[in-house]
Engineer: 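Supplied in structure tokens, the structure appears directly below.
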Amino acid sequence: MTSTDTPVETATAAASGASATERFQTDKSAFDAVKDVPKERVDLLAREVLEAVYATIRNHQVTYAEYQALKAWLIQVGLDGEWPLFLDVWVEHEVEQVNTAHRKGNKGTIEGPYYVPDAPEVADESGVATIPTREGEKGTPLVWKGTITSTDGTPLPDGKVEIWNADDDGFYSQFAPGIPEWNLRGTVSVGPDGSFEIHTIQPAPYQIPTDGACGKLIAAAGWHAWRPAHIHVKVSAPGHELLTAQLYFPGDVHNDDDIASAVKPELMLAPVPQEDGSVTVDYSFVLDPIQG
Ligand code: MBD
Ligand code: FE
């Protein structure tokens with residue numbers, strides 16, 4: 001087949017939004033949570049959010065035209081399947097802060113809309129792993145070495161690092177068309193000493209979809225749609241709190257103005273360029289024991 005008769009599916013906000021919405025709806029724990037929130041909390045939280053909306057309307061004398069624009073936009077967020085994107089970009093960072101403030105181990109950050117559980121195991125017995133890539137995958141090869149320990153320094157040999165990131169064009173497998181299912185995703189079980197060595201590709205800066213409702217808000221407000229390049233992880237071990245984090249690269253122009261407000265200095269990698277064009281990083285995780 002020549003390139004002209006290859007059916008080309010392009011990534012759209014509506015398609016990745018639909019995938020993210022569907023993924024969330026199959027997450028049973030998320031839906032169990034709906035029925036578990038006590039009435040008193042719903043009353044308190046809903047009332048306080050609405051009061052904040054009323055105050056904004058009064059303070060800025062919101063017009064009917066603006067109210068209709070809001071209504072049209074909210075409807076479109078749903079039609080585009082972009083509620084997961086909207087919430088994870090503009091709300092999740094605050095929830096993450098509140099819920100991890102007690103931790104003595106690693107800082108984490110938001111999960112975002114593109115996690116998929118149960119990625120295939122890719123490590124050998126000693127925790128050395130190659131993340132699946134396509135033939136000729138674009139981007140700088142990255143070798144990441146680290147360990148998982150408990151806050152008292154004990155290595156956690158039953159620990160796991162789940163890792164996922166966008167490709168060099170900013171697309172995530174399972175949320176953009178034409179990418180193999182588990183591309184740039186994997187589960188890495190550490191070696192007997194708690195160590196891992198992950199071979200993957202350094203991601204590029206990422207622009208959230210601009211052709212959907214979230215993109216319309218960004219354009220209408222004169223914002224930008226960029227997140228700095230990042231690698232997502234979930235780090236777990238029996239008896240320890242799950243750590244959800246993202247690792248960033250120094251010098252990225254969007255480290256200081258991430259649209260998702262999810263960058264922390266503790267999550268910055270220190271890549272060392274190698275002669276063969278690859279980079280190496282050392283970054284280890286410290287998990288908090290579950291108190292109880
Ligand atoms: C992402 O890749 C992401 O990590 C977040 C938080 C929001 C949108 C896209
Ligand atoms: Fe991401």
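Just follow the structure's listing: the first ligand is 1, and inside any ligand the first atom is 1. What you see is a predicted model, and the numbers here were worked out from it, not measured in a lab. Positions are given from 1 along the sequence.
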Engineer: Given the rule that I, L, V, M, F, W and Y join up when any side-chain heavy atoms are under 4.5 Å apart, are Phe24 and Phe175 in one cluster?
Structural biologist: no
Engineer: Considering only heavy atoms of His232, which atoms of ligand 1 have at least one such atom less than 4.0 Å away?
Structural biologist: 2 (O), 4 (O)
Engineer: Strictly by modelled atom types, are Gln174 and Asn183 linked by a side-chain donor-acceptor pair under 3.5 Å?
Structural biologist: no
Engineer: Among all protein non-hydrogen atoms, which one is nearest to atom 3 (C) of ligand 1, and what is the separation to 0.1 Å?
Structural biologist: Arg227 NH1, 3.5 Å
Engineer: What heavy-atom pair brings Lys264 and Lys107 nearest, and what distance separates the two atoms?
Structural biologist: CD-CD, 4.0 Å
Engineer: Would you indicate whether the side-chain heavy atoms of Ile198 and Val143 approach each other to under 4.5 Å?
Structural biologist: no
Engineer: Describe, in one word, how the ring planes of Trp90 and Phe86 are oriented to each other, choosing from parallel (under 30°), tilted (30 to 60°) and perpendicular (over 60°).
Structural biologist: tilted
Engineer: Just jot down the ligand 1 atoms closer than 4.0 angstrom to any heavy atom of Val89, in number order.
Structural biologist: 7 (C), 8 (C)
Engineer: Has Lys234 got its NZ or CZ under 6.0 Å from the middle of the six-membered ring of Tyr115, at an angle within 45 degrees of the ring axis?
Structural biologist: yes
Engineer: Where is the nearest protein heavy atom to atom 6 (C) of ligand 1: which residue, which atom, and how far?
Structural biologist: Ile110 CD1, 3.3 Å
Engineer: Would you give the angle at the Fe ion (ligand 2) between His232 atom NE2 and Tyr172 atom OH, to the nearest 10°?
Structural biologist: 100°
Engineer: Using a 4.0 Å heavy-atom threshold (strictly under), name the region of His230 that reaches ligand 1: side chain, backbone, both or neither.
Structural biologist: side chain
Engineer: Output the atom name for the N/O/S atom of His230 with the smallest distance to the Fe ion (ligand 2).
Structural biologist: NE2
Engineer: Which of the numbered atoms in ligand 1 are under 4.0 angstrom from any heavy atom belonging to Leu85?
Structural biologist: 8 (C)
Engineer: The Fe ion (ligand 2) to Asn165: any N/O/S contact under 2.8 Å?
Structural biologist: no
Engineer: Report yes if Tyr114 has an N/O atom closer than 3.5 Å to an N/O atom of ligand 1; otherwise report no.
Structural biologist: no
Engineer: Could you check atom 9 (C) of ligand 1 against the protein and tell me its nearest heavy-atom contact, residue, atom and distance included?
Structural biologist: Tyr206 CE2, 3.2 Å
Engineer: Among protein heavy atoms, which sits nearest to atom 2 (O) of ligand 1, and what does the distance come to when rounded to 0.1 Å?
Structural biologist: Tyr172 OH, 2.9 Å
Engineer: Do you know the tightest heavy-atom contact between Pro203 and Ala166?
Structural biologist: CB-O, 3.6 Å
Engineer: Which one holds for Pro113 and ligand 1: side chain close, backbone close, both close, or neither close, with close meaning a heavy atom under 4.0 Å?
Structural biologist: side chain
Engineer: For ligand 1, which atoms have a heavy atom of Gly112 less than 4.0 angstrom away?
Structural biologist: 6 (C)
Engineer: Which heavy-atom pair separates Asp252 from Pro205 by the least distance, and what is that distance?
Structural biologist: OD2-CG, 3.7 Å
Engineer: Quick one, His199 with Glu197, criterion side-chain contact (heavy atoms from CB on, under 4.5 Å). Give me CA distance, side-chain angles, the key distance, then yes/no.
Structural biologist: CA-CA 7 Å; His199 295 245; Glu197 178 182 316; 2.7 Å; yes
